[in-house]
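Please read these numbers as outputs of a predicted model, since none were measured by experiment.
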Amino acid sequence: MTEKELQILQRYFPPAAVPMVAEAYTHSRFQLKFKKPRNSKLGDFRAPRGEKGICCITLNGDLNPYQMLVTFVHEYAHYLVYVNYPRRRLEPHGEEWKQTFAELLLPYLRSDIFPEDVIMALQRHLKHIKASSTADTNLAKVMKRYDIKDSGTLTVEDLPEGSVFQLPNGMTFKKGPKRRTRYQCECLNNGRIYSVSGMAEVK
């Protein structure tokens, strides 16, 4: 790993986690790219295209260090499943991925890497692993505490029922009742009902 690559990791990840992230990156065959914020995902894993292609992990560059690390582990687990089960058609977040994700994440659950509240939320998350950390409402709330945001930032959860709000994608909604972990909201652009995360930031 070059000094420049190490400096990039130090910019995005918790300092005590950098050696382990660097080791994973150095001993694997994938590209690691930091992207502009994407509303639809925090990161992704892409299999190689063509015989000479290389795997790629992309991460949103605006994530806080703790969310960045969890998202990296999530996508790195996809990479290892791809490498270890080359001839099997598996569910993207099936048992193989869940087991790999848990095994990768456990060594990071240390007080010099994560704050105590994040460790507790991640331990709970590992008991019922979801396809995305944002789908775990408790974990998403804890992670959000460490985002660097304007003090006036609001989420769907902050609004009273019946409020009209706009998401960053430009669609306008009227907040409806909560169903389990998401809110049933009417889209005023097309009249349809959508399930919207309570953690979604609004305008």
Side-chain angles (χ1 to χ4, degrees), residues 9 12-28 30 32 34 38-47 55-86 88-148 155-157 178-183 195-201:
L9 297 185
Y12 288 108
F13 294 98
V18 169
M20 285 191 285
V21 175
E23 182 178 5
Y25 177 72
T26 302
H27 291 89
S28 303
F30 62 84
L32 181 60
F34 297 90
R38 295 166 291 187
N39 294 326
S40 60
K41 55 189 173 183
L42 304 181
D44 65 11
F45 164 76
R46 302 173 188 175
C55 295
C56 182
I57 290 175
T58 71
L59 305 169
N60 288 6
D62 65 335
L63 303 179
N64 70 55
Y66 311 122
Q67 184 70 74
M68 184 70 78
L69 180 55
V70 172
T71 305
F72 169 74
V73 173
H74 178 115
E75 304 306 339
Y76 185 47
H78 281 302
Y79 166 79
L80 290 181
V81 170
Y82 174 82
V83 171
N84 293 331
Y85 301 91
R88 292 180 58 185
R89 295 177 64 87
L90 304 173
E91 291 293 324
H93 297 99
E95 290 305 313
E96 295 83 0
W97 175 84
K98 289 180 179 179
Q99 182 178 345
T100 303
F101 173 73
E103 291 174 352
L104 290 174
L105 187 62
L106 282 173
Y108 289 100
L109 299 186
R110 301 173 0 201
S111 59
D112 60 334
I113 293 178
F114 289 113
E116 186 61 30
D117 58 344
V118 176
I119 291 177
M120 292 178 63
L122 286 171
Q123 289 173 334
R124 180 178 173 182
H125 179 71
L126 287 177
K127 294 179 181 179
H128 303 283
I129 300 174
K130 297 181 182 295
S132 168
S133 61
T134 57
D136 183 332
T137 305
N138 178 65
L139 178 58
K141 286 182 179 178
V142 174
M143 283 293 189
K144 205 165 210 38
R145 295 172 188 168
Y146 299 93
D147 286 350
I148 301 175
T155 64
V156 172
E157 189 172 65
K178 188 175 184 179
R179 296 287 184 267
R180 299 184 67 181
T181 62
R182 302 173 75 86
Y183 292 87
S195 294
V196 182
S197 169
M199 295 293 100
E201 293 180 5

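Put simply, the side chain of Leu80 reaches to within 4.5 Å of the side chain of Leu104, judged on heavy atoms. Between Pro14 and Leu69, the closest side-chain pair of non-hydrogen atoms falls below 4.5 Å. Side chains of Val70 and Leu42 form no contact here, defined as non-hydrogen atoms less than 4.5 Å apart. You'll find the side chain of Lys141 reaches within 4.5 Å of the side chain of Glu157, heavy atoms only. For the pair Gln67 and Ser133, the minimum side-chain heavy-atom distance is below 4.5 Å. Within the 4.5 Å cutoff, the side chain of Leu122 has no heavy atoms near those of the Val142 side chain.
In this structure, Gln99 places its CD atom where only 12 or fewer heavy-atom neighbours from other residues, nucleotides or ligands lie under 6.0 Å away. Atom CE of Met20 has more than 12 heavy atoms from other residues, nucleotides or ligands within 6.0 Å. Taking a 6.0 Å sphere around CZ of Arg38, one finds it holds more than 12 heavy atoms contributed by other residues, nucleotides or ligands.
Distance check: Asp117 CG to Arg145 CZ gives 5.0 Å after rounding to the nearest 0.5 Å. Going from atom CG of Asp136 over to atom CE of Met143 covers 9.5 Å, rounded to the nearest 0.5 Å. Atom CD of residue Glu75 and atom CG of residue Leu59 lie 7.0 Å apart, to the nearest 0.5 angstrom. Once rounded to the nearest 0.5 Å, the distance linking CG of Leu32 with CD1 of Ile57 reads 6.5 Å.
Arg46 meets the salt bridge (charged side-chain N to carboxylate O under 4.0 Å, His left out) test with Asp44; sequence neighbours excluded. Scanning for ring pair (Phe, Tyr, Trp, His ring centres under 6.0 Å) contacts around Phe72 gives Phe13, Tyr76, with sequence neighbours left out. Residues satisfying the salt bridge (charged side-chain N to carboxylate O under 4.0 Å, His left out) test with Glu96, not counting sequence neighbours, are Arg88. Applying the ring pair (Phe, Tyr, Trp, His ring centres under 6.0 Å) criterion to His78, with sequence neighbours excluded, gives His74, His93, Trp97. Phe34 meets the ring pair (Phe, Tyr, Trp, His ring centres under 6.0 Å) test with Tyr12; sequence neighbours excluded. In this view, Lys130 satisfies the salt bridge (charged side-chain N to carboxylate O under 4.0 Å, His left out) rule with no residue, not counting sequence neighbours.
Side-chain atoms of Asn60 never come within 3.5 Å of backbone atoms of Asp62 as a donor-acceptor pair (strictly under, hydrogens ignored).
Between Lys98 and Glu91 there is no salt bridge, since none of the side-chain N atoms of the basic residue sits less than 4.0 Å from a carboxylate O of the acidic one.
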